[in-house]
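Below is one structure, written out as structure tokens, with a few remarks after it.
Keep in mind the model is a prediction, meaning the values are calculated, not measured.
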Amino acid sequence: MASRTRRPERRQEPLSRERIVSAAVELLDTAGESGLTFRALAERLATGPGAIYWHVTGKAELLAAATDAVVAAAVAVEPTESPGSPQDGIRAVALGLFDAIDEHPWLATQLATQLSRSPGGTVAPRIFEGIGRQVRALGVPESSWFTATSALMHYILGAAGQNAANTAGAGTLGSDVDRTEFLDAVSTAWERLDPDDYPFTRAVADQVRGHDDREQFLAGIALILAGITAIHPLTP
């Protein structure tokens, strides 16, 4: 009788901070912030909570690390059209953050938290650096770097965050309500506003229907870039 060859046991990938953060992002995506517990994380990683505490001191640090990891990937997106163009570089960073906030429902809240409560962390500098290098490449004078970069950063995070909130708001109306129906409901509500109090809002109400969020987002970036380059025209 032939003897069976014993298969070597599959070696488990060693636990690291990177693995922990990656698992935390996955858990946040599926269960939200309330579902991110060290017990749930330990089960996902097939380890004990004590092993996780060796790498991360608590939930606050874990949330900060997860936020930073997602932001780092978002701002590292390379432009696809004109790699040497500062404008395309800014659009690439902007869309990277827009898509990240759209993909990770918890991110908008965590960004607001990290930016306001942890200014010494890496999240704000990482975003600011990604945008600021491109602003500098536009030829903006150093005295205006902070203002121009801040304007872009505030618009990107604000618009992307609002888009995520709109998506979440549509979801609260029921799983059978899609984006088209949600926008139609908003448009209809605006059309019914008092014409004396809201003449402008009523005039643009129909434009709400069927608009593309990404195109509208990029149109805002274009407006800001047009303003920056008008004030600080590129020198030959």
Side-chain angles (χ1 to χ4, degrees), residues 17-18 21-22 24-25 28-29 33 56 59-165 213-235:
R17 183 181 174 89
E18 290 72 22
V21 171
S22 178
V25 171
L28 284 164
D29 289 345
E33 185 178 337
V56 183
K59 185 171 180 177
E61 182 183 344
L62 188 57
L63 283 167
T67 303
D68 187 59
V70 173
V71 167
V75 299
V77 175
E78 295 290 337
T80 57
E81 296 180 6
S82 307
S85 163
Q87 290 91 337
D88 280 339
I90 289 171
R91 280 190 283 269
V93 171
L95 277 179
L97 289 167
F98 182 90
D99 291 340
I101 291 173
D102 186 57
E103 181 181 350
H104 305 283
W106 52 274
L107 185 59
T109 300
Q110 277 306 308
L111 277 172
T113 300
Q114 298 299 326
L115 294 176
S116 61
R117 298 182 186 177
S118 304
T122 56
V123 172
R126 199 181 292 282
I127 298 173
F128 212 75
E129 185 72 19
I131 300 170
R133 290 185 185 187
Q134 304 301 330
V135 167
R136 181 177 59 188
L138 279 173
V140 175
E142 186 174 352
S143 60
S144 298
W145 285 356
F146 178 76
T147 300
T149 304
S150 295
L152 282 161
M153 180 173 171
H154 291 156
Y155 169 76
I156 291 168
L157 297 183
Q162 186 59 55
N163 179 70
D213 294 324
R214 285 168 65 89
E215 288 181 4
Q216 187 182 54
F217 175 72
L218 286 175
I221 295 291
L223 287 171
I224 297 174
L225 287 176
I228 291 174
T229 54
I231 296 172
H232 308 291
L234 286 171
T235 55

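- Residues His104 and Leu28 form no side-chain contact, since every pair of their non-hydrogen atoms from C-beta on lies 4.5 Å or further apart.
- The heavy-atom pair separating Ala74 from Ala100 by the smallest distance is CB-CB, 4.0 Å.
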Can you give each donor-acceptor pair under 3.5 Å made by side-chain atoms of residues 214-228, sequence neighbours left out, with the distance rounded to 0.1 Å?
unit_1: Arg214; atom_1: NH1; unit_2: Asp99; atom_2: OD1; d: 2.4
unit_1: Arg214; atom_1: NH1; unit_2: Asp99; atom_2: OD2; d: 3.0

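- Put simply, the side chain of Leu115 reaches to within 4.5 Å of the side chain of Leu157, judged on heavy atoms.
- With contacts defined as side-chain heavy-atom distances shorter than 4.5 Å, the pair Ile131/Ile156 qualifies.
- Expressed to the nearest 0.5 Å, how far CE of Met153 lies from CG of Leu97 amounts to 9.0 Å.
- Nearest heavy-atom pair across Arg17 and Ala65 is NH2-CB, 3.6 Å.
- Contact detail for Asp29 and Pro105: the closest heavy-atom pair is OD1-CD, 4.5 Å.
- Between Val75 and Phe128 the shortest side-chain heavy-atom distance does not fall below 4.5 Å.
- Side-chain contact check for Leu63 versus Glu33: some heavy-atom pair is nearer than 4.5 Å.
- Separating the OG1 atom in Thr149 from the NE2 atom in His154 is a distance of 10.5 Å, to the nearest 0.5 Å.
- Open room surrounds CZ on Arg133; 12 or fewer heavy atoms of other groups in view lie less than 6.0 Å from it.
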Pair Val71, Leu111 - check side chain to side chain contact (heavy atoms under 4.5 Å, CB included), show working. CA-CA 9 Å; Val71 167; Leu111 277 172; 3.7 Å; yes
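- In terms of modelled atom types and a separation under 3.5 Å, the side chain of Ser22 and the main chain of Glu18 share no donor-acceptor contact.
- To the nearest 0.5 angstrom, Gln110 atom CD is 5.0 Å from Thr113 atom OG1.
- Counting heavy atoms from C-beta outward, Asn163 and Ile101 have side chains that stay 4.5 Å or more apart.
- Considering OG1 of Thr229 and CD of Gln87, their distance stands at 7.0 Å, rounded to 0.5 Å.
- Judged by distance alone, with hydrogens and angles left aside, the side-chain atoms of Trp145 form no donor-acceptor pair with the main-chain N or O of Val135 at under 3.5 Å.
- Across all non-hydrogen atoms, the minimal contact from Ala112 to Ser116 is O-OG, 2.8 Å.
- If you take CD on Gln162 and CG on Asp213, they are separated by 10.5 Å, rounding to the nearest 0.5 Å.
- Within the model, atoms CD of Glu129 and CZ of Arg136 stand 7.0 Å from one another, a figure rounded to the nearest 0.5 Å.
- Shortest non-hydrogen contact noted between His232 and Pro141 is ND1-CD, 3.3 Å.
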